[in-house]
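Below you'll find the structure, written out as structure tokens, and then a few comments.
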There are 2 protein chains.
Amino acid sequence: MATIKDVASAAGVSISTVSYALSGKRAIAESTRRRIEDAVRELDYRPNAGARMLAGRRTYILAVTEPLRPDTYTPAHMAFVLAVATAARRYDYDVLLLTQEEADAGLRRVTSSRLVDGVIVLDVLRDDERADLVRSLDLPAVLIGVPDNTDGLVCVDLDFEAAARLAVDRLADAGHLTVGLLGHPASVYERGSNFPPRFRDAFLEHAAHRGLEARFATGEHDPAQVRAAVTTLLGPDGDLTGLVMHGEEQTQREALTYVAERGLTVPGDLSVISAGSTFDTSTFDPPLDVIPLVPGASSERAVELAIAQLSEPVEPRVELLAPTYVDHGSVTPR
Amino acid sequence: MATIKDVASAAGVSISTVSYALSGKRAIAESTRRRIEDAVRELDYRPNAGARMLAGRRTYILAVTEPLRPDTYTPAHMAFVLAVATAARRYDYDVLLLTQEEADAGLRRVTSSRLVDGVIVLDVLRDDERADLVRSLDLPAVLIGVPDNTDGLVCVDLDFEAAARLAVDRLADAGHLTVGLLGHPASVYERGSNFPPRFRDAFLEHAAHRGLEARFATGEHDPAQVRAAVTTLLGPDGDLTGLVMHGEEQTQREALTYVAERGLTVPGDLSVISAGSTFDTSTFDPPLDVIPLVPGASSERAVELAIAQLSEPVEPRVELLAPTYVDHGSVTPR
DNA sequence: CTGAAAGCGCTTACAG
DNA sequence: CTGAAAGCGCTTACAG
């Protein structure tokens, strides 16, 4: 494997010149730079990661902690892990995956061994032990999600409250009087996940504020239970005309299938909005209006903030990204 | 942050003694070891990762490449990523996640920069570019999955062919004459994923061998399509009495719900086996017999083989783990 | 059983 | 615009 020494002698310069040419940290004569670049290419030189970590002040690795608890909605969570990895690569960073067992000890380990430059915390609970840990770590850290206590933390997330209000407003503005929310499985709310209750509470509150009757039901994995939940939401008199779904893809598909079986058309009899969804609702039958949760958006900002902290202090903050509404024709006036 | 020097002076020994005491690579007097351990604990010393990588011959990092293509069944794939990470930790290894964009360039990068000691390849296609790359890499690599061409590769996987035969045998032995397989979405077979066709082909072949009539249908994400697939499998005369499902959890739940709606009881009218499943079928309604796919099993063996290659050559091989059958009462004699 | 020292391959002041 | 050299914090022969 070629080292910086090989490149230096091939290019006829010192190793410090090679280093500076590659890092761009000082001006290099055009001809010198070209010779170095040629040598790098020819020798297929890549800086030794360990040496870089030891000599420099960066490891170019970010830790991602994603506990993946039982009952987490893994497709969405995985989408975030991926989005973080992808965003990190834009900054020439790699991503080290810390799992459940390692949530606490692992963070300590990779931090104090200087394996990583910063930490991205995923799947944040309302009361998350990793929040305390991160506060004490004195290492760049960004949470994707908002715990109850955000003191001293840098958090990025979709504005789920605004998303819920947006969904309610759409239905209210279309004249719907009775609206329902089909959510995540009950266990997700119980284990303290941060955003499902944020969405639910804002939904119920804003519906009341707009003078609507609002209902809520959890969306379990069992199709039969999904059907029961939809039945409950529709009401004994079937007076529900606006449905918001914030939960898993298969739950939403099941609900649509069941609604169709009941002989209800969307949006004729029932206007439907999918909210906080990471999947593509335009291929649903029928396609659903959606307030998407874009993993790339929060992830990119989170990575950006984590890396920014390496060079400059970043004030603790909660950055909530504004929701957008994508119309696919599943909402009509009552 | 404490360094090995701090530990050495606190314990009154040289840094080499500290290093050897921690690595266990040479005998250390009991009293010396104790003093060193005390110092380590007191100073909360953890070896600097970069220094360790540079000076030693190991980085204690394994790369995991998991493309997570569209249409991959992410819960199962994520389970493997997690299982690899967990297994790696047993060997004091961390896991670096390489994604889609990085499949090829990323492997090259982390390899030639000596960031990782080895590679675990997940979500293997029948014709996977990463297989060729790995062959040329001269770095410990293990595939979880079996591509068409396994020359020079170390592969570990569940024996999906044996699993299919096991499922067929159970049904045949119970006297069932017409059996069906509800599989993954068609796109999974088309994109060249390695194990779904392995299972399907062995299923059809062994069913023929046992003199059974066998049917196959794909399990799409749309519940209505799942229902249509089950309808097809049941046959116009409803002569199907044995059903094997190898696919996504929600598809299997949907199929069960639909079967119940059709007024069929399991196992009374229909014996059902879930195969190659990473989820818990004992909570299904009714609980299903299962030939489980245990991510931990293949992952542990894969990690073990990857790390073994660091100290001794490992012959290319395909290690197929024997399937097991877990009875939950969903198969009865016809 | 233990120590002094070379060396891993970089980055970055220090000098010119 | 470029170079010589210190130093990052370990591991591991080499010595005794």
Side-chain angles (χ1 to χ4, degrees), chain A residues 1-37 39-40 43-61 92 109-117 310-311, chain B residues 1-37 39-40 43-61 92 109-117 310-311:
Chain A
M1 207 111 302
T3 71
I4 197 171
K5 255 176 133 171
D6 302 322
V7 176
S9 50
V13 296
S14 71
I15 63 160
S16 60
T17 299
V18 174
S19 178
Y20 283 119
L22 293 180
S23 70
K25 286 189 182 167
R26 81 179 179 192
I28 303 285
E30 189 46 40
S31 64
T32 309
R33 142 159 298 129
R34 208 182 308 280
R35 270 182 294 135
I36 292 173
E37 279 166 3
V40 165
L43 298 168
D44 191 31
Y45 167 71
R46 218 114 18 154
N48 178 289
R52 214 177 168 201
M53 287 163 71
L54 181 57
R57 38 189 54 134
R58 295 208 180 183
T59 68
Y60 293 93
I61 300 178
D92 200 27
R109 179 169 50 79
V110 300
T111 292
S112 59
S113 67
R114 302 234 151 279
L115 219 200
V116 305
D117 290 336
L310 293 171
S311 26
Chain B
M1 211 111 298
T3 71
I4 197 172
K5 255 174 132 174
D6 301 323
V7 176
S9 50
V13 295
S14 71
I15 64 161
S16 60
T17 300
V18 174
S19 178
Y20 283 119
L22 294 179
S23 69
K25 285 188 183 166
R26 80 177 179 194
I28 302 286
E30 189 46 38
S31 64
T32 310
R33 143 160 295 129
R34 206 183 308 280
R35 271 181 294 132
I36 291 173
E37 279 165 3
V40 164
L43 297 169
D44 192 29
Y45 168 71
R46 220 118 11 159
N48 177 289
R52 213 177 168 201
M53 287 162 72
L54 181 56
R57 36 189 54 131
R58 295 209 180 183
T59 69
Y60 294 94
I61 301 178
D92 200 27
R109 181 170 49 79
V110 300
T111 292
S112 60
S113 67
R114 301 234 151 278
L115 221 199
V116 305
D117 290 336
L310 292 171
S311 26

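Protein chains get the first letters and strands the later ones, always in sequence-line order, with residue 1 at the start of each.
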Treating B:Ser113 as the side-chain partner and A:Arg46 as the backbone partner, does any N or O pair qualify as donor plus acceptor under 3.5 Å? no
Could you tell me whether a side-chain N or O of B:Arg35 sits under 3.5 Å from a main-chain N or O of B:Ala11, the two making a donor and an acceptor?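 Yes.
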Taking atom CZ of B:Arg109 as the centre, does the number of heavy atoms from other residues, nucleotides or ligands within less than 6.0 Å exceed 12? yes
For the pair B:Thr3 and B:Asn48, evaluate side-chain contact (heavy atoms from CB on, under 4.5 Å) and give the outcome as yes or no after the intermediate values. CA-CA 8 Å; B:Thr3 71; B:Asn48 177 289; over 6 Å; no
Taking all non-hydrogen atoms of both residues into account, name the closest pair between [X] and [Y] and its distance.
{"X": "B:Tyr45", "Y": "B:Ile4", "answer": "CE1-N, 3.4 Å"}
{"X": "B:Met1", "Y": "B:Asp6", "answer": "O-OD2, 4.1 Å"}
{"X": "A:Ile36", "Y": "A:Val18", "answer": "CD1-CA, 4.0 Å"}

Which is more 5' along DNA chain D, the nucleotide nearest B:Ala51 or the one nearest B:Arg26? Just name the residue.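 The residue whose closest nucleotide sits nearer the 5' end is B:Ala51.
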Counting the atoms with a prime plus P, OP1 and OP2 as sugar-phosphate, which does B:Ser23 contact under 4.0 Å by heavy atoms, base, sugar-phosphate, or nothing?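 Answer is nothing: B:Ser23 stays at 4.0 Å or more from every strand.
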Report which part of the nucleic acid A:Ile28 touches: base, sugar-phosphate, or nothing (heavy-atom distance under 4.0 Å, all strands). sugar-phosphate
Where does DNA chain C pair, written as one dot-bracket string 5' to 3', with Watson-Crick or G-U pairs under 3.5 Å, ( ) inside the strand, [ ] for crossing pairs and | for another strand? |||.||||||||.|||
With a 4.5 Å cut-off on side-chain heavy atoms, are B:Ser23 and B:Arg52 touching?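 No - every pair of side-chain heavy atoms lies 4.5 Å or more apart.
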With the side chain counted from C-beta on, respond yes when A:Tyr60 and B:Leu115 share a heavy-atom pair under 4.5 Å apart, and no when they do not. no
Going 5' to 3' along DNA chain C, between which two nucleotides do contacts with chain B fall, using a heavy-atom cut-off of 4.0 Å? C:dC1 to C:dG9
Hey, which sits more toward the 5' end of DNA chain C by its nearest nucleotide, A:Tyr20 or A:Thr3? A:Thr3
Judged by each residue's nearest nucleotide on DNA chain C, which is more toward the 5′ side, B:Thr17 or A:Met1?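 Nearest nucleotide further toward 5': that of B:Thr17.
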So, taking the atom named CZ in A:Arg26 and the one named OG in A:Ser19, what distance separates them when rounded to the nearest 0.5 Å?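 That separation rounds to 9.0 Å.
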Could you go through the side-chain contact (heavy atoms from CB on, under 4.5 Å) check for B:Tyr20 and B:Ile28 one step at a time? CA-CA 8 Å; B:Tyr20 283 119; B:Ile28 302 286; 4.1 Å; yes
Residues from residues 4-11 of chain B sitting under 4.0 Å of DNA chain D, heavy atoms only?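 Heavy-atom contacts with DNA chain D come from B:Ile4.
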